[in-house]
Amino acid sequence: MLSIYNTLSRKKEEFIPLEAGKVKMYVCGPTVYDLFHIGNARSFINSDFIRKYLEYLGYEVTFVMNLTDIDDKIIKKGLKENTSAQLVAKTYTDEFFKDITTLGIKPATIYPRATEHIEDIIALIQSLVDNGTAYQSGNDVFYDISKFSTYGKLSGKNIDDLMEGARVEVNEAKKSPLDFALWKGAKEGEPFWESPWGKGRPGWHIECSAMSCKHLGKTFDIHAGGSDLIFPHHENEIAQSEASTGQKFVNYWLHFGFLNIDNEKMSKSLGNFFTARDILAKYSKETVRFFFAQTHYAAPLNFTSEGLDSSKRGLQKVQNLYERLLDLQQSAVSGGTQPDFNLAGYYQSVEEALNDDFNSPRALAVVFDFVRDANRILNETTNPAKEFVNEIMSFVQKIVIGIFGIVQLEKSNAADPTLENDLIELLISVRTQAKASKNFQMSDLIRDELKKLGIILQDSKEKTTYKKQE
RNA sequence: GGCGGUGUAGCCAAGUGGUCAAAGGCGAAGGACUGCAAAUCCUUUACUCACCGGUUCGAAUCCGGUCAUCGCCUCCA
């Protein structure tokens, strides 16, 4: 039984999808005005991991991630770079997909763009105007939060507190400082679409309500996003959608913890701002994914290079087992020894952990137990059956690769007969001869010099293998 | 000021009433294997869970208080 911590109820709840066997899930995607940063990457990776686990459980997941491709920041960037908002959005949408691919994230079922849903957005705003929840003021349309009695139910805020805390706003167009824009009238030189309220563009909050409804329906199962989006963004989405449809908007609200850098909020002014691309230049996607998975998705996470280095070293153990299994799949034969190994127990423990609100750190502890035990049994088994090796490998495939994505599939010593690899093999055979004649000075020299070139030799009883360092 | 998160070994991080003298990773120490390494395996590394008080037969886990820290309340994953 899967349970999920629901921000709305502030409790873990048993997950029951609207439709048996299917999950409709929406995650707030990026505003495409720049490369996404490592904090974004955490949310994207965690939503990917959750989606993959749901699929592992057998659910058919409709996974929607929106792209905000029209927004103040995009317009501003266009002006600054003397280009169009449209081109800025196009550029960073392309870059977004590149980074998503680099991170090993499975593509969403659909990536709806705000600019491709203007009609839906206008229709939604119109319904709110028609039922009196929204009002036009000049060329803008605002949501009247006084008309939505449960406003604040997600974030636990009440309107009076918000009013007290509200910064003094000089916008006299709004009835209340807390009202927010659904439609923004176009100013000179800004991109616009025609609407019943004149030329303009959608506000940020409304697009998620419109696009989630269009692609997932009036009510859907899971809505996820960064914890900073709880208020006002998700609060506003509920207000918009529920006021329009009269139905519950989302059953499970799931929020990702924030990522700090060296205990400080990441910001460009502090000089501790890292794009996902910056990090991926130094660390593999597997290391980054593993680093994130070692902390529960909802907990705050402090991002340090020490932490990443530690993850990188820890992950090597898993990678080594994977490569050991690859070799064994080549050499093992049917009819070998079939040792006792309680594989089902590891699957069960992983599922128990992940069923408990996607507890990835606990699941990874099981993975490490599995790695240790698998190594031990392989050490003890002289001639393991091919079937056994395949069973062990399938755990790695389904859990470690399928859900977490933390194994590099390419072996570090690619088997291609390149000149380089041939030369390494040659040196290894020279060294083997040297060892046979107890010329250890020579054999150590070869090993040390190869190490300097990033090639690590490992002797086993039968043969010497090598791997290349990253 | 309002709301929320976090505080567990040198570092990271699970655990939310007994099976906890607290998982897992990194680091460290010792051992097996090895010509020596590497890889792998074995052993050790928190009598203690920010602090104080309370509830309970029993608390890291519940309650009250204190302190520290991060975030949201304005665009933000």
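Here the structure is a predicted model, which means the values were calculated and not measured. Per chain, numbering begins at 1; letters A, B, ... match sequence-line order.
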Checklist outcome for this item: Between CD1 of Ile406(A) and C1' of G25(B) the distance, given in whole Å, is 11 Å

Item to check | Lys312(A) with Asp309(A): basic N within carboxylate O range, under 4.0 Å | outcome: no

Checklist entry - With respect to the phosphate group of C70(B), does any side-chain polar atom (N or O) of Asn302(A) fall under 4.0 Å of OP1 or OP2? => result no

Next on the checklist: Judged by each residue's nearest nucleotide on RNA chain B, which is more toward the 5′ side, Arg313(A) or Asp373(A)?
Outcome noted: Arg313(A)

Checklist outcome for this item: Of the listed G35(B), A14(B), C72(B), the closest approach to the Lys157(A) side chain comes from C72(B)

Checklist entry - Rounded to the Å, how far apart are Ile261(A) CD1 and C70(B) P? => result 15 Å

Checklist entry - Can Lys106(A) and Asp48(A) be counted as an ion pair, charged N to O under 4.0 angstrom? => result no

Next on the checklist: When you compare the ring of Phe368(A) with the six-membered ring of G24(B)'s base, are the centres less than 5.5 Å apart and the planes under 30° from each other?
Outcome noted: no

Next on the checklist: Do the side chains of Lys98(A) and Glu95(A) get close enough for a salt bridge, i.e. N-O under 4.0 angstrom?
Outcome noted: yes

Checklist entry - Considering only side-chain heavy atoms of Pro300(A), which listed nucleotide, A14(B), A77(B), U6(B), is closest? => result U6(B)

Item to check | Span that lies between the P atom of C51(B) and that of C57(B), in whole angstrom | outcome: 25 Å

Checklist entry - How far, in whole Å, is A22(B) from C49(B) if one measures between their P atoms? => result 12 Å

Checklist entry - In terms of heavy-atom contacts, does CD of Gln433(A) have more than 12 from other residues, nucleotides or ligands at under 6.0 Å? => result no

Checklist entry - What interatomic distance, in whole Å, is found between C1' of C75(B) and the corresponding atom of U48(B)? => result 45 Å

Checklist entry - Is there a donor-acceptor pair closer than 3.5 Å between any side-chain N or O of Asn302(A) and the backbone N or O of Asp262(A)? => result yes

Checklist entry - Quick one: on RNA chain B, does Gly226(A) or Phe440(A) contact a more 5' nucleotide (nearest heavy atom)? => result Phe440(A)

Checklist entry - Side chain of Arg447(A), base of C36(B): donor and acceptor closer than 3.5 Å? => result yes

Item to check | Selection from G24(B), C73(B), A14(B) that lies nearest to any side-chain heavy atom of Arg362(A) | outcome: A14(B)

Checklist entry - Looking only at atom P, what distance separates U45(B) and U56(B), rounded to whole Å? => result 35 Å

Item to check | Residue Lys73(A), side-chain heavy atoms: nucleotide from C75(B), U6(B), A77(B) that is nearest | outcome: C75(B)

Checklist entry - Quick one: does Asp448(A) reach the base of C36(B) with a side-chain donor-acceptor pair under 3.5 Å? => result no

Checklist entry - Where the side chain of Gln294(A) is concerned, which of A77(B), G25(B), A23(B) is the nearest nucleotide? => result G25(B)

Checklist entry - Expressed in whole Å, how much space separates the C1' atoms belonging to U6(B) and A50(B)? => result 11 Å

Item to check | Nearest listed nucleotide, side chain of Asp459(A), among G35(B), A77(B), G25(B) | outcome: G35(B)

Checklist entry - Taking atom C1' in both U16(B) and A60(B), what distance in whole Å separates the two? => result 8 Å

Next on the checklist: Any donor-acceptor pair, under 3.5 Å, between the side chain of Asn260(A) and the base of G71(B), if you only look at N and O atoms?
Outcome noted: no

Item to check | Rounded distance in Å between the P positions of A14(B) and C33(B) | outcome: 39 Å

Checklist outcome for this item: Among the nucleotides A39(B), A14(B), A13(B), whichever has the atom closest to the side chain of Gln458(A) is A39(B)

Next on the checklist: So if I take every side-chain heavy atom of Asn359(A) and compare against G35(B), C41(B), G15(B), which nucleotide ends up nearest?
Outcome noted: G15(B)

Checklist entry - Using Watson-Crick and G-U wobble pairs with both distances under 3.5 Å, what is the 5'-to-3' dot-bracket string of RNA chain B, with [ ] for crossing pairs and | for pairs outside the strand? => result ((((((((.[[[..)..(.....]]]((((((.......))))))....[[[[[..)....]]]]])))))))....

Checklist entry - Given A39(B), is OP1 or OP2 found less than 4.0 Å from the side-chain N or O atoms of Asn375(A)? => result no

Item to check | Whether Phe258(A) stacks on the six-membered ring of A77(B) base, 5.5 Å and 30° limits | outcome: yes

Item to check | Set of salt bridge (Lys or Arg N to Asp or Glu O under 4.0 Å) partners for Arg113(A), sequence neighbours left out | outcome: none

Checklist entry - Between C26(B) and Lys317(A), is there an OP1 or OP2 to side-chain N/O distance shorter than 4.0 Å? => result yes

Checklist entry - Counting side-chain heavy atoms from C-beta on, which of A77(B), C72(B), G35(B) comes nearest to Lys435(A)? => result G35(B)

Next on the checklist: So for atom CE, which belongs to Met393(A), do other residues, nucleotides or ligands contribute more than 12 heavy atoms lying within a distance under 6.0 Å?
Outcome noted: yes

Next on the checklist: Looking only at side-chain N and O atoms, does Ser429(A) offer a donor or acceptor that is under 3.5 Å from a partner on Thr432(A)?
Outcome noted: no

Item to check | N/O (side chain, Arg372(A)) to phosphate O (OP1/OP2, C41(B)) under 4.0 Å | outcome: no

Item to check | Candidate nucleotides C26(B), G24(B), A77(B), ranked by approach to the side chain of Leu229(A) - the nearest | outcome: A77(B)

Checklist entry - Crowded around Glu81(A) CD? As in, over 12 foreign heavy atoms under 6.0 Å? => result yes

Checklist entry - Are any of Lys265(A)'s side-chain N or O atoms less than 4.0 Å away from OP1 or OP2 of C72(B)? => result yes

